Each structure stands twice: as C-alpha cells, then as structure tokens.
There are 2 protein chains.
Amino acid sequence: MRFVLACLISMQQGPDLLSDSSPVRSRAVSTASPNGQDSLTPIKVSLTPQQRFEEYLQSRGLRQTNQRKFLIDRVFSHHEHFDADELIERLPRRGQENYVSSATVYRTLREFVDAGLLNSFQLDGRTVYEHGYGYPQHDHLYCTSCRELFEFQSDDLLELRNEVAAQRGFRVNSHRMIIQGVCQKCSKKRRKKRKQDLV
Amino acid sequence: MRFVLACLISMQQGPDLLSDSSPVRSRAVSTASPNGQDSLTPIKVSLTPQQRFEEYLQSRGLRQTNQRKFLIDRVFSHHEHFDADELIERLPRRGQENYVSSATVYRTLREFVDAGLLNSFQLDGRTVYEHGYGYPQHDHLYCTSCRELFEFQSDDLLELRNEVAAQRGFRVNSHRMIIQGVCQKCSKKRRKKRKQDLV
DNA sequence: TTATCTGCAAAAAATTTGCACTTCT
DNA sequence: AGAAGTGCAAATTTTTTGCAGATAA
C-alpha cells in the first residue's frame with residue numbers, strides 16, 4: 001500500500017433498496033452539502049448487493065461460501081473507494097475469526113466486478129474499486145495533493161462520449177474519466193502556507 | 001509483456017518542426033482517412049524533442065548521455081503508443097551496440113514525462129506512453145477486442161472538464177478519458193464470425 | 001575532478017497461480 | 001461423491017533501488 005485513498009462522498013441515507021421494484025437506473029443528481037462535500041444520490045434497486053450476488057453465483061453454478069458472504073457484507077457496509085490492500089488491512093488477521101486469505105480477496109473482488117457489483121479502475125498503479133451496483137454512473141476528480149477522489153456526474157459527458165463513439169462506429173461498453181489537479185481545500189492550504197512563508 | 005498495443009494513428013507527414021517559431025499549440029483537427037484510420041495533425045513546435053530535452057537537462061544541471069540521446073531518437077522516430085517492455089524489446093540486446101539497461105529505460109521514460117515530452121497513463125495495469133510534445137491534447141477509445149488505442153480530440157470535452165472543475169474550485173492539471181468498447185473492425189469481424197457459425 | 005549516470009542484481013509492490021486440502025450442493 | 005473454493009507459498013509482472021564502476025562537464 002503506497003497511497004491513502006479516501007472519498008468525500010457519503011450516502012445521505014442508506015440506499016433505499018426495497019421501495020422500488022424497478023432495477024432501472026434513475027437520474028442521478030449531484031448535490032453539495034454545506035461542508036463542501038458532494039454526494040450522488042444512490043439508485044433504487046430491487047435487490048440488495050447480497051441478493052444480486054447470490055443470483056449471479058447461482059446463474060453460473062458457483063457456490064455461496066462464508067468468505068464470499070463475509071466479503072460482500074464488508075465491501076457494501078460503507079461507500080468508499082478502496083484497493084485490495086486497504087480492504088485486506090481492515091479484515092480479520094490470520095488466525096482470527098472470518099479470516100480470508102489475500103488470494104481469496106483478490107479472486108472475490110474480481111468476481112464482484114464480473115457480477116457488476118463493483119467497478120474498478122487503475123490509479124497510480126493500483127486497482128481502485130468502488131460501488132457500482134445501487135450507485136449512479138459517475139466520473140472522478142483526483143487531487144494529487146491529498147490523493148482524494150471526488151465524484152461528479154455529467155449527462156453532457158455521456159452524450160459527448162456516445163457522439164464520439166458513434167462517429168467512428170465504436171460500440172461503447174464503458175468509459176473512465178479522471179480529472180487530475182488540486183482540490184479547493186489543498187489550494188487554500190498552499191496559499192496559506194505561502195503566506196506564512198513570506199512572514 | 002502481456003498485451004499487444006498498437007495505434008492506428010500515423011502522422012500524415014513528419015511534424016513540421018522548423019516552419020514556425022511559435023511554441024503555442026495550434027488547434028488540432030481530427031481527420032478521417034479513406035481506410036477508416038484517424039489521425040490528429042501534429043502541432044508546430046519551435047524545437048525538436050531532442051532540443052527540448054537538451055534544454056530540460058541543462059536547466060536542471062543534468063547530463064546528456066549516449067543513452068538519453070539514443071532513447072529520445074528511438075522514442076520519437078515513430079508515433080505510436082508503447083509501454084516500457086515493448087520499447088525494451090525493440091532496443092539492442094545486452095552486448096550489442098547502444099544497449100541500454102531496463103533500469104535506465106525506466107528512469108529515462110520518467111524523465112521524458114517530467115520534461116513534457118511524453119504523456120503516460122495506466123491501461124490494464126501497465127504504464128502506456130505516447131508523444132506529448134508536438135502532438136495535440138487528445139483522448140482515447142480503447143478496443144477491448146483488438147487492444148488498439150484510437151485517438152480523438154474534442155474541445156467540448158475540455159470545456160466540460162473545465163466547467164466541472166470550476167464548479168468545485170478544483171484546479172485542473174490534466175485529465176484522462178478512455179472510452180472502452182469494440183471498434184468497428186472488430187464488430188464486423190464478430191458479425192461475420194457469428195454468420196459463419198450459423199451456416 | 002567530481003557529481004551524475006549506468007548497469008547489474010536484488011528488492012518491491014501488486015497480483016496471480018499451482019496444489020493439496022476443505023467445503024458446498 | 002464430486003466439483004468448486006480456499007489457504008498457502010511460490011511465481012509473475014512491472015517497476016524501483018542500492019551500489020560500485022563509468023562518464024560527462
């Protein structure tokens with residue numbers, strides 16, 4: 001583990017998993033809370049991640065094991081960007097109850113991605129995971145100073161993407177956009193520091 | 001090396017390095033040639049990559065070595081996406097003339113990026129490099145079938161990016177957008193194959 | 001002359017894999 | 001019972017680093 005990865009986005013309330021039977025994604029809206037943190041509204045889905053994974057496993061003749069059940073609970077217990085190493089560090093150690101070997105963690109994370117529960121992308125050489133099920137499509141701003149990932153959602157971007165692809169007969173599966181720079185907080189810190197340095 | 005990385009984009013003619021003394025980027029235009037290949041027009045720059053790197057080295061009190069000179073010639077001899085491993089494979093082997101150790105290749109590639117000559121990004125776990133100097137800002141379509149990278153250029157995307165960033169006081173340094181999917185060629189191949197399978 | 005570079009080999013970091021044993025179904 | 005899954009350790013893959021000898025300025 002070389003980097004701290006945090007995420008400013010938190011769910012305003014738990015995802016409303018049972019109130020709507022439609023698995024269709026509703027329009028996500030990005031909102032800003034007083035402390036400057038942003039969050040996207042969770043999507044209403046008919047199944048919990050657990051249930052959906054169960055379906056996925058059954059459809060492929062795979063098994064429900066304690067490790068898989070334990071990991072899905074952990075991974076979906078809070079909304080946050082993470083990498084394999086960070087997850088492993090928060091898991092029970094060898095010898096403790098519910099210990100899961102790293103090999104299994106890696107294997108299971110890949111299954112979660114295959115099942116559409118998690119999204120993954122590369123950042124600074126690591127594979128970063130985030131919730132994909134029950135959470136709207138979005139893109140990221142990455143602060144190279146504090147290494148936090150911020151989320152944003154733009155329909156215009158999607159439209160643009162589709163236009164570009166259509167223009168050359170490219171069939172789109174997904175996209176990934178990351179804007180690199182320095183977040184407001186870090187910019188302010190730096191200005192402050194420069195000011196102090198002058199005194 | 002796990003992946004073949006190719007690039008359909010070729011320069012229509014060598015970069016016109018000497019005809020304009022302005023280092024300012026001119027507007028890039030994406031064009032389509034009859035065979036379906038796209039290319040972006042090179043930017044007019046006042047210095048060759050070699051000259052620019054020389055400046056960079058001097059400004060930092062670094063040295064011009066045979067290895068650096070050799071590598072910059074190789075890297076800028078054709079416009080193509082590549083990773084460290086692919087470059088190393090095309091270089092003279094140990095014992096031959098102009099051999100450069102992999103450690104030096106890695107170190108030098110990083111210098112090229114620092115000097116603004118190359119851009120780098122992560123794709124499928126590797127670091128991919130491409131020309132940054134003398135070539136316009138652009139983004140990529142990545143075909144997961146043939147693993148080729150196609151380039152596209154969109155001012156709307158830049159505008160959108162700047163708006164998103166401005167909205168939350170984020171100072172942008174750069175961005176990276178990769179559209180994943182299947183290119184036209186591969187789609188056609190698949191359709192053909194499916195047809196044949198039915199016969 | 002001397003700080004910078006290079007090559008080499010070893011280390012690191014992040015995954016993946018082979019295999020014997022365990023566990024779902 | 002028997003396929004699938006797990007843990008372990010070893011292997012991979014990609015990149016970095018320490019260090020002694022080589023070299024540019």
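Given the structure is predicted, the values throughout are model-derived calculations rather than measurements. Throughout, protein chains are lettered first and strands after them, A, B, ... in sequence-line order, and every chain is numbered starting at 1.
In this structure, A:F112 and A:F53 have perpendicular ring planes: the angle between them is above 60°, well past the 30° mark.
For D:dT14, the OP1/OP2 oxygens have no side-chain nitrogen or oxygen of B:T127 closer than 4.0 Å. Under 4.0 angstrom from either OP1 or OP2 of C:dC5 there lies no side-chain N or O belonging to B:R107. Between A:N66 and D:dT6 there is no side-chain polar atom (N or O) within less than 4.0 angstrom of OP1 or OP2. For the OP1/OP2 pair of C:dT16 and a distance below 4.0 Å, the side-chain nitrogens and oxygens of A:Y106 include no atom meeting the criterion. The shortest distance between the side-chain N/O atoms of B:T65 and the OP1/OP2 oxygens of C:dT6 is below 4.0 Å. Between D:dT6 and A:Q67, a contact under 4.0 Å exists linking OP1 or OP2 to a side-chain N or O. Using a 4.0 Å cut-off, no side-chain N or O of A:R126 falls inside it from OP1 or OP2 of C:dA13.
In this entry the distance linking CG of A:D83 with P of C:dT15 reads 7 Å, nearest Å. For the pair B:L109 CG and D:dT14 P, the interatomic distance rounds to 14 Å; values are reported in whole Å. The interatomic distance linking B:Q122 (CD) with D:dT15 (C1') rounds to 11 Å, in whole Å. Taking atom CG on B:L71 and atom P on C:dG7, their separation rounds to 9 Å, with Å as the unit. Distance CD (A:Q58) to P (C:dT25): 8 Å, rounded to an integer number of Å. For A:Q64 and C:dT25, the CD to P distance is 6 Å, given to the nearest whole Å. In this structure, NZ of A:K69 is placed 14 Å from P of C:dT23, rounded to the nearest angstrom. If you measure from atom CD1 of A:I88 to atom P of D:dG7, you get 11 Å, rounded to the nearest angstrom.
For A:D156, the side chain to side chain donor-acceptor pair (under 3.5 Å) test picks out no residue, with sequence neighbours left out. Evaluation of the side chain to side chain donor-acceptor pair (under 3.5 Å) rule for B:E111 yields B:R68 as partners, not counting sequence neighbours.
Comparing B:G61 and A:S102 by the nucleotide of DNA chain C that holds the closest heavy atom to each, the one mapping nearer the 5' end is B:G61. Remark on DNA chain D: of its neighbouring residues A:T104 and B:Y129, the 5'-side contact belongs to A:T104, judged by nearest-heavy-atom nucleotide.
Looking only at distances, a side-chain donor or acceptor of B:T108 sits under 3.5 Å from a matching main-chain atom of B:T104. A donor-acceptor pair under 3.5 Å is absent between the side-chain atoms of B:Q58 and the main chain of B:E55, judged by distance alone.
Ion pairing between a basic and an acidic side chain is recognised when a charged N comes within 4.0 Å of a carboxylate O; B:K69 and B:E54 show no such pairing.
The side chain of A:V100 has D:dG7 as its nearest neighbour among C:dT16, C:dC8, D:dG7. The listed nucleotides are D:dC8, C:dT25, C:dG7; the one nearest the side chain of B:S101 is C:dG7. Listed nucleotides C:dG7, D:dG7, D:dT15 differ in distance to A:Y99; the shortest reach to its side chain belongs to D:dG7. In this structure, the nucleotide among C:dC24, C:dT15, C:dG7 sitting nearest to the side chain of A:R63 is C:dC24.
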